[in-house]
J.: 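Once you've had a glance at the structure underneath, I'll fire off some questions.
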There are 2 protein chains.
Amino acid sequence: MEQTLSHTLSLLERTPASLDALLRGLPPEWTSQNEGDNSWSAYDVVGHFIHGERTDWMPRARMILKYGETQTFVPFDRFAQSRESQGKSLAQLLDEFSRLRAENLAELRAMNLQSEDFARRGRHPALGAVTMSQLLAAWVVHDLTHLHQISRILSHQYREAVGPWTKFLGVLQCAGHSAP
Amino acid sequence: MEQTLSHTLSLLERTPASLDALLRGLPPEWTSQNEGDNSWSAYDVVGHFIHGERTDWMPRARMILKYGETQTFVPFDRFAQSRESQGKSLAQLLDEFSRLRAENLAELRAMNLQSEDFARRGRHPALGAVTMSQLLAAWVVHDLTHLHQISRILSHQYREAVGPWTKFLGVLQCAGHSAP
């Protein structure tokens, strides 16, 4: 499929409502459990989405336009949500994500990016030179990575309960975790 | 997490709306593409959900109550959707899934299953003896398997576009496919 700004926006604008429909009102036994050890719960993942809206995608898009490769992006804090979500209900986090995403997409549309802008480069602290186009595609696939993760976290809670069905249920075989 | 009918219902009743929020109105470039070869598109997966509502989960629950292990479940046709979805729009399929799921969950509630019912056994054509409890848990994880799959199918469309971000995006490393 060809990458276009319109395709990118169409996916990015649907994520908050999809997450909301899946998670809002779901008993906390589902949303506060993780996959063991220091893994994340669905609640943690929503906090991570919020942190990305505040500090990752659009701030980096702005940096590419303003500084190109001369300034390195601020490293993304993958554990910020444990601090920032404190005291908030899942419903509050879902509202916050939805609001921030809408604001960010309004800003992205207002940037009115032209074809030459998609080839502009910025500097990622770990990956080196990256283009605007790659940043926007990564934003989309980051959304999908965490929908994918949430479906796996929830499945994990019924891992034993499915008994012999395990082998027919692909999500229980998933090892598609993001690199730390 | 303890398996309860209430936990099971709370997840099963949210899947149609979550899928709807993600897929309805998304450009067909996203929803009609697959992961190559004979893999499924998001459109195909919604058809598969519908076929499951019609022929798999509740028909099997009824068989367990009625026949126990004396009759084997009808094998599930994993390719029925290519025939049954023909000529239907994705929006029609999403409506149909939502309606069938609501009907099935109303029937499940009306069954008024008691604790001894969850231990009742049926006979699966490939897995042998399975309990009502396992069937209901598998229904939930089947939903999540296909949400997981849809996030992977959509991600695949931007696999090249993300460039060096690939390694940070777990969904692109997923090999959690269901057994054929």
Side-chain angles (χ1 to χ4, degrees), chain A residues 1-3 6-8 10-11 14-15 17-23 25-27 29-30 33 124 126-128 130-131 133-138 140-145 147-152 154-155 157-159 161-165 167-179, chain B residues 1-3 6-8 10-11 14-15 17-23 25-27 29-30 33 124 126-131 133-138 140-142 144-145 147-152 154-155 157-159 161-165 167-179:
Chain A
M1 188 185 83
E2 195 197 354
Q3 182 188 0
S6 156
H7 288 153
T8 295
S10 67
L11 203 307
R14 282 170 170 75
T15 306
S18 182
L19 261 186
D20 197 281
L22 182 63
L23 299 178
L26 201 61
E29 287 86 347
W30 280 118
Q33 303 292 319
H124 186 284
L127 302 173
V130 290
T131 64
S133 167
Q134 290 165 342
L135 175 75
L136 296 176
V140 168
V141 181
H142 180 266
D143 274 19
L144 294 166
T145 280
L147 283 178
H148 181 261
Q149 180 189 22
I150 285 173
S151 68
R152 197 184 63 225
L154 297 175
S155 297
Q157 313 313 317
Y158 268 7
R159 181 175 289 278
V162 302
W165 258 285
K167 68 174 174 182
F168 291 148
L169 298 166
V171 68
L172 297 176
Q173 275 85 53
C174 173
H177 299 236
S178 299
Chain B
M1 189 184 81
E2 195 196 355
Q3 183 187 359
S6 156
H7 288 154
T8 295
S10 67
L11 203 306
R14 282 170 170 75
T15 306
S18 182
L19 261 187
D20 197 282
L22 183 63
L23 298 179
L26 202 61
E29 288 86 344
W30 280 118
Q33 303 292 320
H124 186 284
L127 302 174
V130 291
T131 65
S133 166
Q134 290 165 342
L135 175 75
L136 296 176
V140 168
V141 180
H142 180 266
L144 294 167
T145 280
L147 283 178
H148 180 261
Q149 181 188 20
I150 286 174
S151 69
R152 196 185 63 225
L154 297 175
S155 297
Q157 313 313 318
Y158 268 8
R159 181 176 287 280
V162 302
W165 258 285
K167 67 174 173 180
F168 291 147
L169 297 166
V171 68
L172 297 175
Q173 276 84 54
C174 174
H177 298 237
S178 299

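Here the structure is a predicted model, which is why all the values come from computation and not from measurement.
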J.: With sequence neighbours excluded, what pairs up with Q157(B) under the side-chain hydrogen bond (donor to acceptor under 3.5 Å, both in side chains) test?
T.: none
J.: What part of V141(B) lies closer than 4.5 angstrom to a heavy atom of chain A: side chain, backbone, both or neither?
T.: both
J.: Any idea which of A17(A), A138(A), S18(A) has the most non-hydrogen atom pairs under 4.5 angstrom with chain B?
T.: S18(A)
J.: Is there a side-chain contact between L154(B) and L147(A) (heavy atoms, below 4.5 Å)?
T.: no
J.: State whether the side chain of T145(A) and the backbone N or O of V171(B) hold a donor-acceptor pair below 3.5 Å, judged by distance alone.
T.: yes
J.: Where on T15(A) is there a heavy atom nearer than 4.5 Å to chain B: the side chain, the backbone, both, or neither?
T.: neither
J.: Among G25(A), S133(A), A126(A), which residue has the highest count of heavy-atom pairs closer than 4.5 Å to chain B?
T.: G25(A)
J.: Out of curiosity, L144(B) CG to Y158(A) OH, how far, rounded to the nearest 0.5 Å?
T.: 10.5 Å
J.: On a heavy-atom basis, which atom in V162(B) and which in Q134(A) lie closest, and how many Å separate them?
T.: O-CB, 3.8 Å
J.: Provide the closest heavy-atom pair for S10(B) versus L26(A) in the form atom of the first, atom of the second, distance.
T.: O-CD1, 3.5 Å
J.: Shortest non-hydrogen contact from H148(B) to S151(A)?
T.: CB-OG, 3.1 Å
J.: When the ring centroid of W165(B) is compared with that of H124(A), is the distance short of 6.0 Å?
T.: yes
J.: As an exercise: rank D20(B), L127(B), L19(B) by heavy-atom pairs under 4.5 Å with chain A and give me the winner.
T.: L127(B)
J.: Output the distance between atom NE2 (H7(A)) and atom CH2 (W30(B)), rounded to the nearest 0.5 Å.
T.: 8.0 Å
J.: Which atom pair, heavy atoms only, marks the closest approach of R14(A) to L22(B)?
T.: CD-O, 3.0 Å
J.: Flag the one option from T131(A), D143(A), V140(A) with the top tally of heavy-atom pairs under 4.5 Å to chain B.
T.: V140(A)
J.: Does any backbone or side-chain atom of I150(A) lie under 4.5 Å from a heavy atom of chain B? Answer side chain, backbone, both or neither.
T.: neither
J.: Need one label for L136(A): side chain, backbone, both or neither, based on atoms under 4.5 Å from any heavy atom in chain B.
T.: neither
J.: How long is the straight-line distance from NE2 of H142(A) back to OG of S155(B), given to the nearest 0.5 Å?
T.: 11.5 Å
